[in-house]
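When a ligand or atom number is given, it counts from 1 through the structure's own listing order.
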Amino acid sequence: MINASTKFIAVIGDPIEHSMTPVIQNAALEALGTNVRNIAFRVRREDFDKAVRGAMALGILGLMVTIPHKEAAASISDELDWLAQLTGSANLLHFRDGTIVGYNTDGYGASQSLKDAGVDVKGKRVAIVGAGGAGRCLCFQMLLDGASCVHLFNRTAEKAIRVVEEAKAKLSYENVYAHELKHEALKEVLKDVEILINATSVGMHPNENETPVPADCLHDGLVVFDIVYNPLETRLLREAKEVGAKVIDGVSMLVYTNVRAVEVCLKLTPSFELMRQRCIEELRRKI
Ligand code: ATR
């Protein structure tokens, strides 16, 4: 039960109503026996700074940050962990002794999700759709995990070009390429790709009929990982399955980011399995 001593971890984004974080994290926080709860707030882009300062003033322990605030979250931080610093994108802010410490745990979540599905990134040809906060971070993470090349697609090509130039400069990689998100380019490049990751919000509830990659670009030699977890099976994953590709949903990545948020804010490790199970139950209940 929430009482006057209850502490909070919050999740902020816009939209936020689809977020599973409060439901799954609260299940884990309860199971740990803590008097800490997770709460979601819709925060508009223009209100981000005020919201973060306000959360700090309210004694909120930390903020999990989602679309569209990940880059602003890195900018507002006093200190950044290595991946947040490298990518200029943070998805977790921890308030520590009056300072804001920004973390990027998306890379960790994605790496672990691929590993859990038995996929080794080392030596693989990878394509990522989306060069926003998440896409940029996954591009860096896949290069660090040993991908033999990364093709980064984005609707706004300039953003992909910028990330690729940064990856080349900061990581000294040459085998990273930017593309505009266009049908022909996708079709041509994906022929030789082994791992495809959707790091855009395309296909997310309530736009479940949308897909970032047309079905005729998919093939059975692909592992398709969608970071969108609501719906559990996005149109992209459904069409990938239909052509015989291996598919990985976004639930594990979400759960790993929740695990890290609790570890950072409370120094406690919550149950991964309990959160994953709770998330799947909740998503199925909504169908
Ligand atoms: P996040 O920090 O979670 O990555 P973001 O920085 O707002 O969120 O990035 C969202 C990503 O989804 C971007 O790559 C965006 O493309 P643009 O950079 O061109 O805006 C992509 N995206 C969102 N809606 C899209 C759509 N309808 N079609 C294609 N890409 C889309």
*Do me a favour and list the nearest non-hydrogen protein atom to atom 6 (O) of ligand 1 with residue, atom name and distance?*
Gly133 N, 3.1 Å
*asked:* Suppose we measure from atom 17 (P) of ligand 1 to each protein heavy atom; which comes out shortest, and what is that distance?
replied: Thr156 OG1, 3.4 Å
_Checking side-chain polar atoms at under 3.5 Å, does Asn198 have a donor or acceptor matched by the opposite partner on Thr200?_
yes
*Taking non-hydrogen atoms only, is Thr200 closer than 4.0 angstrom to ligand 1 via side chain, backbone, both or neither?*
both
_Tell me the protein heavy atom at minimum distance from atom 4 (O) of ligand 1, and give that distance in Å._
Ala134 N, 2.8 Å
_Nearest protein heavy atom with distance in Å, relative to atom 14 (O) of ligand 1_ = Asn154 OD1, 2.6 Å
_Heavy atom of Pro212, distance to ligand 1 below 4.0 Å_ = no
*With only distance considered, is Arg45 within less than 3.5 Å of ligand 1 through an N or O on each side?*
no
*Could you tell me the residue and atom name of the protein heavy atom closest to atom 23 (C) of ligand 1, and the distance to it rounded to 0.1 Å?*
Ser201 OG, 3.6 Å
*Test: Arg278 and Glu282 ion pair at under 4.0 Å*: yes
*For Ala131 and ligand 1, does the shortest N/O to N/O distance drop below 3.5 Å?*
yes
_With heavy-atom distances below 4.0 Å as the criterion, list the atoms of ligand 1 near Val202._
25 (C), 26 (C), 27 (N), 28 (N), 29 (C), 30 (N), 31 (C)
*Looking at Asp14 and Arg45, does any basic side-chain N land under 4.0 Å from a carboxylate oxygen?*
no
*Applying a 4.0 Å heavy-atom criterion (strictly less than), which segment of Thr66 is in contact with ligand 1: side chain, backbone, both, or neither?*
neither
*Option among Val126, Leu138, Val121 that satisfies the side chain to side chain contact (heavy atoms under 4.5 Å, CB included) test with Asp145*: Val121
*Verify whether one side chain among Ser113 and Asp116 offers a donor that lies under 3.5 Å from an acceptor in the other.*
no
*Does the pair Arg276/Asp249 count as a salt bridge with the N-to-O cut at 4.0 Å?*
yes
_Looking only at protein heavy atoms, which one is nearest to atom 9 (O) of ligand 1, and what is the separation?_
Gly132 CA, 3.5 Å
*Could you check atom 8 (O) of ligand 1 against the protein and tell me its nearest heavy-atom contact, residue, atom and distance included?*
Ile67 CG1, 3.2 Å
*asked:* Given Arg136, Lys70, Arg155, identify the one with the heavy atom nearest to atom 29 (C) of ligand 1.
replied: Arg155
_Under-4.0 Å salt bridge between Glu263 and Arg260_ = yes
*For the pair Glu180 and Lys182, find out whether any cationic side-chain nitrogen is under 4.0 Å from an anionic carboxylate oxygen.*
yes
_If you apply the rule side chain to side chain contact (heavy atoms under 4.5 Å, CB included), what do you find for Glu208 with Arg235, and how did you get there?_
CA-CA 7 Å; Glu208 297 170 4; Arg235 177 171 166 192; over 6 Å; no
*Give the intermediate values and the outcome of side chain to side chain contact (heavy atoms under 4.5 Å, CB included) for residues Leu266 and Leu29.*
CA-CA 10 Å; Leu266 299 181; Leu29 290 169; 3.5 Å; yes
*Pull out every atom of ligand 1 sitting under 4.0 Å from any heavy atom of Gly130, numbered as shown with elements.*
14 (O)
